[in-house]
**Q** 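One structure is given below, represented as structure tokens, and several questions about it will come after.
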Amino acid sequence: MSERGETASSRERRRQVLRAVSELIARHGIDGMSMRQVAEAAGMSTGTINYHFKNKRGLIMAAMDHVYSVPQDWSPYADLPPLEQLRVRAGIFILRSEARQRWGRFWLEYAAQAGRDTELLESHKARHQRRREVFAQTIALGQKAGEVRRDIDPFGAAEALLALIDGVTTQQIAFGLSPERAEEILSGFIRHLGAHSAYPFD
């Protein structure tokens, strides 16, 4: 189900399938999700889904691409000051609603499966690299604007922030970290990137 050349109705059917995949994985895990379950949830035949997505792995990867916020989705934030851009982007991973918690469970299941599946891992690594580049570029812009400390390496700081984001996301799902505490942790790190902070990064 490539989105190129699709009609509005076929695009909507594609979205229904991918939403069903992410929600089923959030509830049952990747191993617990079957193509039959997806077909029933989306109101389609398994043959139709298999025809368009080829196999379960392709379906899972398409679902992650559909629900996961990646740099091309971040253009509306481009006019914000650099530190505010970082806060907004990091805020995507604060799981305040049930819908965001389902997304977080899906993300965690995907990440765990990627450790056992080379194709999923390569896709996950490419997505992470794009995020890291955009965060590093934003931090470098902040340095040029005098908003971000000049004594830090943008790529190193971006890598640390992403590690913190991934850890906070995992803790919200696995250990019950509250959204309020998650926001404090992420906002605190970003605040310490500020030009007037003495927070040690070395």
Side-chain angles (χ1 to χ4, degrees), residues 1-78 88-135 137 158-159 162-163 165-170 172-174:
M1 270 190 183
S2 170
E3 292 199 64
R4 288 185 178 179
E6 286 185 328
T7 64
S9 61
S10 62
R11 283 195 297 272
E12 180 54 32
R13 286 197 299 273
R14 175 186 172 86
R15 286 192 287 269
Q16 288 174 354
V17 170
L18 299 180
R19 280 197 299 267
V21 170
S22 63
E23 291 184 5
L24 286 166
I25 289 174
R27 288 202 300 268
H28 305 296
I30 287 176
D31 291 337
M33 183 202 76
S34 69
M35 298 297 269
R36 183 176 297 278
Q37 287 174 322
V38 174
E40 289 175 356
M44 300 177 191
S45 70
T46 54
T48 298
I49 292 173
N50 283 323
Y51 174 78
H52 288 293
F53 290 100
K54 308 302 181 188
N55 55 40
K56 185 176 177 178
R57 181 190 288 113
L59 188 56
I60 293 165
M61 291 173 67
M64 175 57 84
D65 287 339
H66 176 68
V67 303
Y68 193 85
S69 217
V70 292
Q72 57 262 36
D73 299 326
W74 293 352
S75 56
Y77 313 140
V88 171
R89 291 165 182 165
I92 293 167
F93 298 86
I94 298 171
L95 311 179
R96 296 188 185 280
S97 66
E98 176 56 33
R100 294 306 295 170
Q101 289 169 16
R102 286 196 303 271
W103 174 89
R105 289 191 291 272
F106 170 60
W107 174 87
L108 190 57
E109 287 287 339
Y110 187 101
Q113 187 73 13
R116 302 185 290 270
D117 185 304
T118 302
E119 193 172 348
L120 290 184
L121 181 60
E122 288 307 309
S123 175
H124 206 46
K125 285 167 65 175
R127 189 177 294 107
H128 176 81
Q129 182 61 23
R130 291 197 303 271
R131 292 166 63 209
R132 182 172 180 250
E133 288 172 359
V134 171
F135 274 96
Q137 289 166 6
E159 191 171 63
L162 286 172
I165 286 170
D166 290 350
V168 160
T169 305
T170 300
Q172 287 175 93
I173 295 300

**Q** Can you tell me which residue pairs pass the salt bridge (Lys or Arg N to Asp or Glu O under 4.0 Å) test with a partner in residues 108-121, sequence neighbours excluded?
**A** Arg57-Asp117, Arg57-Glu119
**Q** Distance check, rounded to the nearest 0.5 Å: Arg13 atom CZ versus Ile49 atom CD1?
**A**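 Spacing of CZ (Arg13) from CD1 (Ile49) equals 11.5 Å.
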**Q** Could you tell me if the side chain of Val67 sits less than 4.5 Å from the side chain of Trp107, heavy atoms only?
**A** no
**Q** Less than 4.5 Å apart, any side-chain heavy atom of His52 and any of Thr48?
**A** yes
**Q** Does Leu95 reach the side chain of Arg102, with side-chain heavy atoms less than 4.5 Å apart?
**A** no
**Q** Throw together a table of side-chain donor-acceptor distances under 3.5 angstrom for residues 16-33, partners on residues two or more places apart or in other chains.
**A**
{"unit_1": "Arg19", "atom_1": "NH2", "unit_2": "Glu12", "atom_2": "OE2", "d": "3.1"}
{"unit_1": "Ser22", "atom_1": "OG", "unit_2": "Leu18", "atom_2": "O", "d": "3.4"}
{"unit_1": "Ser22", "atom_1": "OG", "unit_2": "Arg19", "atom_2": "O", "d": "2.9"}

**Q** Hey, could you give me the CE/OG distance between Met35 and Ser45, rounded to the nearest 0.5 Å?
**A**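 Answer rounded to 0.5 Å: 10.5 Å.
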**Q** With sequence neighbours left out, what residues match Arg105 under side chain to side chain donor-acceptor pair (under 3.5 Å)?
**A** Glu98
**Q** Between Gln137 and Glu133, does the side chain to side chain donor-acceptor pair (under 3.5 Å) criterion hold? Intermediate values first, please.
**A** CA-CA 6 Å; Gln137 289 166 6; Glu133 288 172 359; 5.2 Å; no
**Q** Are Thr169 and Leu108 side-chain neighbours, meaning at least one heavy-atom pair lies under 4.5 Å?
**A**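 When only atoms from C-beta onward are counted, Leu108 and Thr169 do not touch, as no gap falls below 4.5 Å.
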**Q** Among residues at least two apart in sequence or on other chains, which ones pass ring pair (Phe, Tyr, Trp, His ring centres under 6.0 Å) with Tyr110?
**A**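 Here the qualifying residues are His124.
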**Q** If I take atom CZ from residue Phe93 and atom CD from residue Gln172, how far apart are they, to the nearest 0.5 angstrom?
**A** 10.5 Å
**Q** Who passes side chain to side chain donor-acceptor pair (under 3.5 Å) against Arg36, sequence neighbours left out?
**A** none
**Q** State, with a plain yes or no, whether a side-chain heavy atom of Met64 is found less than 4.5 Å away from one of Leu120.
**A** no
**Q** Taking side chain to side chain donor-acceptor pair (under 3.5 Å) as the test, write out the residues that go with Gln101, two or more places apart.
**A**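 So Gln101 forms no side chain to side chain donor-acceptor pair (under 3.5 Å) with any residue.
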**Q** Nearest 0.5 Å, please: how far is CD1 in Ile60 from CZ in Phe53?
**A** 11.5 Å
**Q** Working to the nearest 0.5 Å, report the span between CG of Asn50 and CE of Met44.
**A** 12.5 Å
**Q** Taking salt bridge (charged side-chain N to carboxylate O under 4.0 Å, His left out) as the definition, give me every residue that meets it alongside Lys125, ordered by chain and number, with sequence neighbours left out.
**A** Glu122
**Q** Please enumerate all residues that pass side chain to side chain donor-acceptor pair (under 3.5 Å) together with Thr46, with sequence neighbours excluded.
**A** none
**Q** Report the distance from atom CD1 of Ile173 to atom CZ of Arg100, rounding to the nearest 0.5 Å.
**A**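 Interatomic distance, Ile173 CD1 to Arg100 CZ, rounded to 0.5 Å: 10.0 Å.
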